[in-house]
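For reference, the structure discussed in these notes is given below.
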Number of protein chains: 2
Amino acid sequence: MTGRKQSGVALYRQVAQDLIGRVDRSELAPGERLEPEGRLAERYGVNRLTVRRALEERAGIVRTEHGVGSFVAEPAVRHRIDDGEASLSESMARRGISVRHHVLAVAQVEPASVEFRFVRYLEDEPWSIGEVQVPAALAPAGWDGSNSVFAAMSAEHAITIKRAETAFGAALAGPEEAGWLEVPVGSALLEVRGFNTDQEGRVVASFAHRIRGDRAEYVVRLPQ
Amino acid sequence: MTGRKQSGVALYRQVAQDLIGRVDRSELAPGERLEPEGRLAERYGVNRLTVRRALEERAGIVRTEHGVGSFVAEPAVRHRIDDGEASLSESMARRGISVRHHVLAVAQVEPASVEFRFVRYLEDEPWSIGEVQVPAALAPAGWDGSNSVFAAMSAEHAITIKRAETAFGAALAGPEEAGWLEVPVGSALLEVRGFNTDQEGRVVASFAHRIRGDRAEYVVRLPQ
DNA sequence: GCAGATTTGTTCGTATGTATG
DNA sequence: GCATACATACGAACAAATCTG
């Protein structure tokens with residue numbers, strides 16, 4: 001970083017650009033730890049705050065942990081939602097990717113619905129924070145998070161769950177989400193919301209997931 | 001804002017929370033201008049930097065313009081992609097929403113492809129920045145952005161364009177995107193990528209859009 | 001379990017550059 | 001040109017989380 005100012009490009013972007021370059025050129029491998037902010041600041045000859053801005057800028061490529069350090073993030077997981085599986089868990093399990101859930105809350109809501117809130121982990125990495133609402137009559141009794149809510153539902157009751165409508169949006173991670181997903185506040189999240197039906201078209205679940213944008217990609221192939 | 005520190009919640013988040021609250025309670029209407037950062041800082045009794053962090057935090061709800069001011073953003077537009085239309089432009093036009101494009105670049109790429117880069121405006125508000133690649137043989141000759149690239153293609157050649165595969169992801173706005181979309185750097189973007197085929201299943205286009213997360217929502221209804 | 005070192009997180013004050021009207 | 005308002009950058013300090021001995 002010789003140019004310092006003058007170039008017309010903000011310093012923090014120059015730093016961000018250099019970091020990206022080092023990742024692209026594989027000088028920094030996924031999972032690898034970066035030098036502390038202070039040291040990076042010295043190395044680039046800028047203020048520590050400037051380094052921090054650069055790291056924020058690259059929130060998708062670099063992940064930081066309070067009191068620990070910054071690390072190069074891993075690439076994304078692609079997930080198809082047109083393969084007939086209603087839940088991500090089964091698709092991933094079939095691909096040999098371990099899925100587990102940490103149950104945050106199980107609450108009775110409305111007349112007769114139960115809401116599950118949970119964090120989903122893929123390969124022991126936090127991947128999404130989700131909410132699923134199902135009719136109380138169909139709620140899986142002792143869901144322990146080892147499989148999906150839907151799988152538990154299907155097992156306890158004789159129903160097949162299908163995707164009906166799915167909506168995609170983008171959002172920024174708030175404090176709580178950031179905490180569970182171990183990403184900085186303000187990271188990009190893919191928001192996936194929708195509802196599911198059983199084999200006879202009855203709505204049996206609605207869901208909302210906020211998924212780490214640096215990990216997630218949903219693929220839809222529409223029928224011709 | 002009485003609590004100042006102590007509460008365990010970062011000051012900038014308290015400010016951000018208060019701003020969100022004022023928007024939710026409709027004390028601030030969409031499009032309305034906020035007080036200058038300096039004045040907000042005084043009012044909340046914090047440093048101007050702290051106000052700036054709060055505004056960044058709420059990039060989806062508040063939009064700032066260099067040298068002008070900060071404004072409350074407008075709510076989102078829902079878009080269905082399973083209605084047979086290959087392009088958003090036609091769907092929106094049918095809903096009475098004006099769509100136009102600002103062409104950033106038209107470039108010859110690869111052996112025989114043409115790439116269009118453009119900013120899409122809905123109701124004269126920047127909505128997405130996109131790239132479309134089509135075979136040179138099918139490229140619309142004098143696309144002026146008044147309709148979609150696909151519409152122009154269909155008109156010039158006798159083909160029907162269908163969606164084939166679409167992938168969704170989330171990303172943060174980089175400097176260039178932020179500039180065109182008139183959002184702060186680091187805002188949430190919905191990334192939609194994929195390709196299209198003609199009526200006979202031949203790939204005739206690939207596309208990548210980065211859409212303002214505060215404006216966009218894509219809805220997919222999968223066939224039963 | 002605790003104390004200290006390390007590292008990131010937050011906040012302030014201040015200065016200067018740049019875009020807009 | 002000038003005033004206003006946002007953009008970038010620096011230095012300093014302390015808080016909070018984590019790790020180590």
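Naming: A, B, ... by sequence-line order, numbering from 1 per chain.
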Residues at least two apart in sequence or cross-chain that pass salt bridge (charged side-chain N to carboxylate O under 4.0 Å, His left out) with B:Arg210, listed by chain then number, are B:Glu177, B:Glu191
Compare side-chain N and O positions of [X] against OP1 and OP2 of [N] and report whether any pair is under 4.0 Å apart.
| X | N | answer |
| --- | --- | --- |
| A:Arg48 | D:dG11 | no |
| A:Thr64 | C:dT7 | no |
| A:Thr50 | D:dC10 | yes |
| B:Arg52 | D:dC6 | no |

To the nearest Å, how far apart are [X] [atom1] and [N] [atom2]?
| X | N | atom1 | atom2 | result |
| --- | --- | --- | --- | --- |
| B:Tyr12 | C:dG9 | OH | C1' | 8 Å |
| A:Gln14 | D:dT8 | CD | P | 12 Å |
| A:Arg53 | C:dT10 | CZ | C1' | 15 Å |
| B:Asn47 | D:dG11 | CG | C1' | 13 Å |
| A:Leu40 | D:dC10 | CG | P | 14 Å |

Assert: residue with more 5' nearest nucleotide on DNA chain D, out of B:Leu49 and B:Glu37, is B:Glu37
Applying ring pair (Phe, Tyr, Trp, His ring centres under 6.0 Å) to A:Phe207 and not counting sequence neighbours gives A:His209
Residues at least two apart in sequence or cross-chain that pass ring pair (Phe, Tyr, Trp, His ring centres under 6.0 Å) with B:His102, listed by chain then number, are B:Trp180
Considering only heavy side-chain atoms of A:Ala10, the closest of D:dT8, C:dT7, C:dC12 is D:dT8
With sequence neighbours left out, the residues meeting side chain to side chain contact (heavy atoms under 4.5 Å, CB included) with A:Arg117 are A:Leu104, A:Ala105, A:Glu115, A:Ile129, A:Glu131, A:Glu176
Sorted by chain and residue number, the side chain to side chain contact (heavy atoms under 4.5 Å, CB included) partners of B:Ser206 (sequence neighbours excluded) come out as B:Gln133, B:Phe195
N/O donor-acceptor pair under 3.5 Å between B:Arg100 side chain and B:Arg120 backbone:
no
Please tabulate the protein-to-nucleotide N/O contacts below 3.5 Å involving nucleotides 17-19 of chain D, giving atom names and distances.
unit_1	atom_1	unit_2	atom_2	d
D:dA17	O4'	A:His66	NE2	3.3

In this structure, OG1 of B:Thr50 is separated from CG of B:Leu40 (nearest 0.5 Å) by 12.0 Å
- N/O donor-acceptor pair, side chain B:Arg33 with base D:dA5, under 3.5 angstrom: no
